[in-house]
Enquirer: 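Have a look at the structure that comes next, please.
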There are 2 protein chains.
Amino acid sequence: MKDVAREAGVSVGTVSNYINGKKVRPVVAKSIEQAIKKLNYVVNNTARLLKNNCSPFVIFVVPTVWSPYFSELTFWIQKKLNSLGYKMILCISENDYKLEKDYVKMAEEQRAAGIISVSYSNLTTHIRSDIPFVSIEKESTGIFPLVTSDNYSGGSLAAKELQLRNVKRYYFIGTTNQDSVSMIARRSGFMDYCHNNGLMADVLTVASSRKISQFRKDIDKIVKKLLSENNLGDIGVFTHTDEIAIVLLNELRMKGIRVPEDIQIIGFDGWKITEEDSLNISSIRQPVDMIAEYAVKQLDEEIRYSDNFEIRRINLPVSFIPGITTNNDVRR
Amino acid sequence: MKDVAREAGVSVGTVSNYINGKKVRPVVAKSIEQAIKKLNYVVNNTARLLKNNCSPFVIFVVPTVWSPYFSELTFWIQKKLNSLGYKMILCISENDYKLEKDYVKMAEEQRAAGIISVSYSNLTTHIRSDIPFVSIEKESTGIFPLVTSDNYSGGSLAAKELQLRNVKRYYFIGTTNQDSVSMIARRSGFMDYCHNNGLMADVLTVASSRKISQFRKDIDKIVKKLLSENNLGDIGVFTHTDEIAIVLLNELRMKGIRVPEDIQIIGFDGWKITEEDSLNISSIRQPVDMIAEYAVKQLDEEIRYSDNFEIRRINLPVSFIPGITTNNDVRR
DNA sequence: ATGAAAGCGCTAACAC
DNA sequence: GTGTTAGCGCTTTCAT
């Protein structure tokens with residue numbers, strides 16, 4: 001910048017003014033412009049940050065991007081952040097608490113503008129409370145905002161849709177991990193609806209899909225159980241996630257069981273594998289774009305009015321997406 | 001830091017030394033440590049960067065993350081970057097040249113360590129050549145390294161696998177966009193193999209999947225054409241991407257055509273929707289983890305030996321993954 | 001081993 | 001409008 005100033009025959013202050021859109025004389029503007037071009041000058045943003053103490057970076061901490069739900073969420077978060085002038089630093093935590101903490105530390109060291117996190121650990125208990133923070137899905141410790149979809153209603157909705165489809169025996173399949181707030185809410189919504197309506201319902205569990213061999217073994221066991229205990233055509237299954245639904249579906253098909261004629265399945269998430277194509281299993285769809293929008297909006301507020309912003313608990317509505325795993329020839 | 005120094009009764013230089021692991025007297029170390037804890041001090045990395053002029057950030061520019069291939073690639077890039085101590089800034093370009101240029105500008109302003117880009121535009125012609133850069137998939141202008149998978153061999157391999165499965169009529173389906181280097185290579189590999197082996201082959205085109213309604217219309221037209229011109233059982237289709245293969249598959253199934261009995265399909269990419277689950281269509285699989293590894297390794301070299309590194313063209317081998325869209329009861 | 005001080009590139013307050 | 005200058009928080013000589 002000093003070089004540019006010398007080349008243009010003005011002072012650094014004037015160059016700074018020019019760069020930041022302040023008023024300079026047209027003549028001066030032109031000569032600065034030429035100097036910049038000639039010297040191939042690019043402003044040094046680290047210096048600017050050091051001075052202004054305000055960063056454009058928002059840290060997005062997410063367990064993985066390699067999954068339709070999270071990659072869609074990442075897409076929307078980035079999009080909404082960009083529209084407000086922020087840049088996203090993507091941090092994949094792999095559900096590793098240590099990694100998450102490292103990322104938060106990095107955020108602090110970089111003096112990042114804020115953090116948006118989908119964390120399944122107790123990350124929030126360890127945040128320096130003066131860095132703006134928004135949690136997605138996982139309940140945080142009360143001093144941070146939360147954006148989530150309405151898991152409980154999603155569970156109820158799944159049960160109701162199965163009921164509409166003449167299911168007699170209801171099953172919920174979740175993972176053995178009892179810490180998942182979202183799973184508990186989905187399960188409760190489902191089971192409560194069943195109980196309140198006199199429907200026969202059970203909870204089944206499988207290992208986390210990250211332990212893939214055990215996971216498949218568990219699914220296999222469940223399939224055997226379902227088939228031995230019930231009449232085909234009576235069974236309706238609601239799974240904690242689409243991932244479970246898919247493996248279950250494949251397993252059933254391999255055994256020659258027809259879906260949806262013999263067993264109906266509703267997943268959760270409404271996975272779309274790209275912006276255009278969805279897996280067409282029936283599912284309770286999360287409003288991913290809205291989740292991103294509210295999370296970013298909330299964070300932005302927090303950043304801009306850090307002294308006086310509202311800590312919100314935002315609970316977004318889900319919807320049922322009919323697919324090939326339910327009989328969709330129903331009248332309401 | 002000044003505060004810490006005062007609190008600990010030493011000079012800032014000593015604090016700096018302590019933080020950077022230089023030798024200080026144990027007594028001093030302890031008092032600094034206490035001061036840091038007491039004042040809740042976190043180093044300011046922007047200042048450090050300004051001084052050292054070396055950033056941990058690598059910009060990863062990618063058209064989208066919302067697609068199994070790109071989300072897998074993003075996952076691996078992040079993983080490999082982290083293992084070498086870099087942080088990833090994710091930039092989603094949406095195939096928008098303007099956005100891509102903005103991202104490069106940002107990289108320069110941040111004095112980022114480097115850029116890895118999957119770009120389908122001529123981004124590389126506009127890079128200040130002094131920022132380390134690696135291109136994935138798209139041929140760059142010669143002064144930058146390139147990592148890609150062997151698209152040409154992939155095309156040949158697809159043809160060969162279809163030939164093994166007694167296909168008589170060969171079709172390639174690609175998009176109308178003729179700029180895609182990868183598509184041209186895949187197509188050429190396929191067509192060359194067919195011509196060299198006396199196989200009847202044709203090229204068909206569809207609109208980009210981003211123009212979704214036209215895309216589906218084109219697929220529909222193609223299906224009609226395939227069915228009218230050939231005997232069921234003779235037909236083998238190789239698609240430019242798995243995405244096309246999936247839409248085609250759904251369309252065929254809706255029309256009651258059996259896959260693979262009536263028509264066999266091989267896609268390209270080997271989409272895995274999560275680390276555990278794949279779409280099980282037959283496909284030519286890109287070695288995504290290797291692509292990421294080589295790209296990062298190359299970039300790292302470029303960063304560390306900027307004066308003297310080798311500009312490589314890395315071409316990685318692909319493989320055939322049998323799935324449900326080909327008859328896999330073959331002997332070789 | 002430690003302290004003093006220069007300076008990284010920028011912005012903003014102030015004087016003209 | 002423009003020039004001058006202090007200072008953001010750190011690292012790094014250079015003395016001591």
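In the text below, chain A, chain B and the rest are named by the order of the sequence lines, each starting its count at 1. Quick caveat, the model's predicted, so the values are computed rather than measured.
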Enquirer: How long is the line joining CD of B/E109 and P of C/dC8, in whole Å?
Expert: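 Atom CD in B/E109 sits about 20 Å away from atom P in C/dC8.
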Enquirer: Can you check the B/R25 CZ to C/dG3 C1' distance for me, whole Å?
Expert: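 In whole Å, C/dG3 C1' and B/R25 CZ are 13 Å from each other.
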Enquirer: Using atom types as modelled, flag every donor-acceptor pair under 3.5 Å from a side chain in residues 26-43 of chain B to any protein atom, sequence neighbours excluded.
Expert:
from: B/S31; atom 1: OG; to: B/V28; atom 2: O; distance (Å): 3.0
from: B/K38; atom 1: NZ; to: B/E7; atom 2: OE2; distance (Å): 3.0

Enquirer: How many Å lie between CG on A/N20 and P on C/dC10, as a whole number?
Expert: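 It is 10 Å, rounded to the nearest whole Å.
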Enquirer: Which atom pairs link the protein and nucleotides 4-9 of chain D when you take only N or O atoms and keep those under 3.5 Å?
Expert:
from: D/dG7; atom 1: N2; to: A/K51; atom 2: NZ; distance (Å): 3.2

Enquirer: For A/I19 and C/dG9, what is the distance between atoms CD1 and P respectively, to the nearest whole Å?
Expert: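 Roughly 13 Å, once rounded to whole Å.
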Enquirer: Can you check whether A/N95 reaches A/R210 side chain to side chain, under 4.5 Å on heavy atoms?
Expert: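 Of all side-chain heavy-atom pairs linking A/R210 with A/N95, at least one is under 4.5 Å.
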Enquirer: Starting at CD of A/Q110 and ending at P of D/dC10, how long is that distance when rounded to a whole Å?
Expert: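 Nearest whole value for this atom pair: 12 Å.
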Enquirer: Looking at D/dC10, I'd like to know if its phosphate oxygens (OP1 or OP2) sit under 4.0 Å from a side-chain N or O belonging to B/N52.
Expert: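 Negative; the distance criterion is not met.
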Enquirer: Check whether any side-chain heavy atom of A/M183 lies under 4.5 Å from a side-chain heavy atom of A/N177, and answer yes or no.
Expert: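 No - every pair of side-chain heavy atoms lies 4.5 Å or more apart.
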Enquirer: Just the rounded figure in Å: distance from C1' of C/dA1 to OH of B/Y18.
Expert: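 One finds 16 Å between C1' of C/dA1 and OH of B/Y18, rounded.
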Enquirer: Taking the side chain as every heavy atom from C-beta outward, state whether A/P132 and A/F309 have any atom pair closer than 4.5 Å.
Expert: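 Not touching, per the 4.5 Å side-chain cut-off.
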Enquirer: Taking any heavy-atom pair under 4.0 Å as a contact, classify A/N45: base, sugar-phosphate, or nothing.
Expert: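 Here A/N45 touches no strand at all.
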Enquirer: Using modelled atom types and a 3.5 Å cut-off, is there a donor and acceptor pairing between side-chain atoms of A/S149 and backbone atoms of A/N151?
Expert: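 Checked: no pair found.
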Enquirer: From CG of B/L49 over to P of D/dT12, roughly how many Å is that when rounded to an integer?
Expert: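 My rounded result for the distance is 12 Å.
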Enquirer: Side chain of B/V10 only, heavy atoms from C-beta on: which candidate in C/dG3, C/dT2, D/dT2 is closest?
Expert: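 So the nucleotide nearest the side chain must be C/dG3.
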Enquirer: Using only heavy-atom distances, determine whether the side chains of B/T74 and B/S71 contain a donor-acceptor pair under 3.5 Å.
Expert: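 Distance-only check fails for B/T74 and B/S71.
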Enquirer: Does the pair A/D3/A/R6 count as a salt bridge with the N-to-O cut at 4.0 Å?
Expert: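 Judged by the 4.0 Å cut-off on N to carboxylate O distance, A/D3 and A/R6 do form a salt bridge.
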Enquirer: I want to check one thing: is the phosphate of C/dT11, taken as OP1 and OP2, less than 4.0 Å away from some side-chain N or O of A/S16?
Expert: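 For C/dT11, OP1/OP2 do have a side-chain N/O of A/S16 under 4.0 Å.
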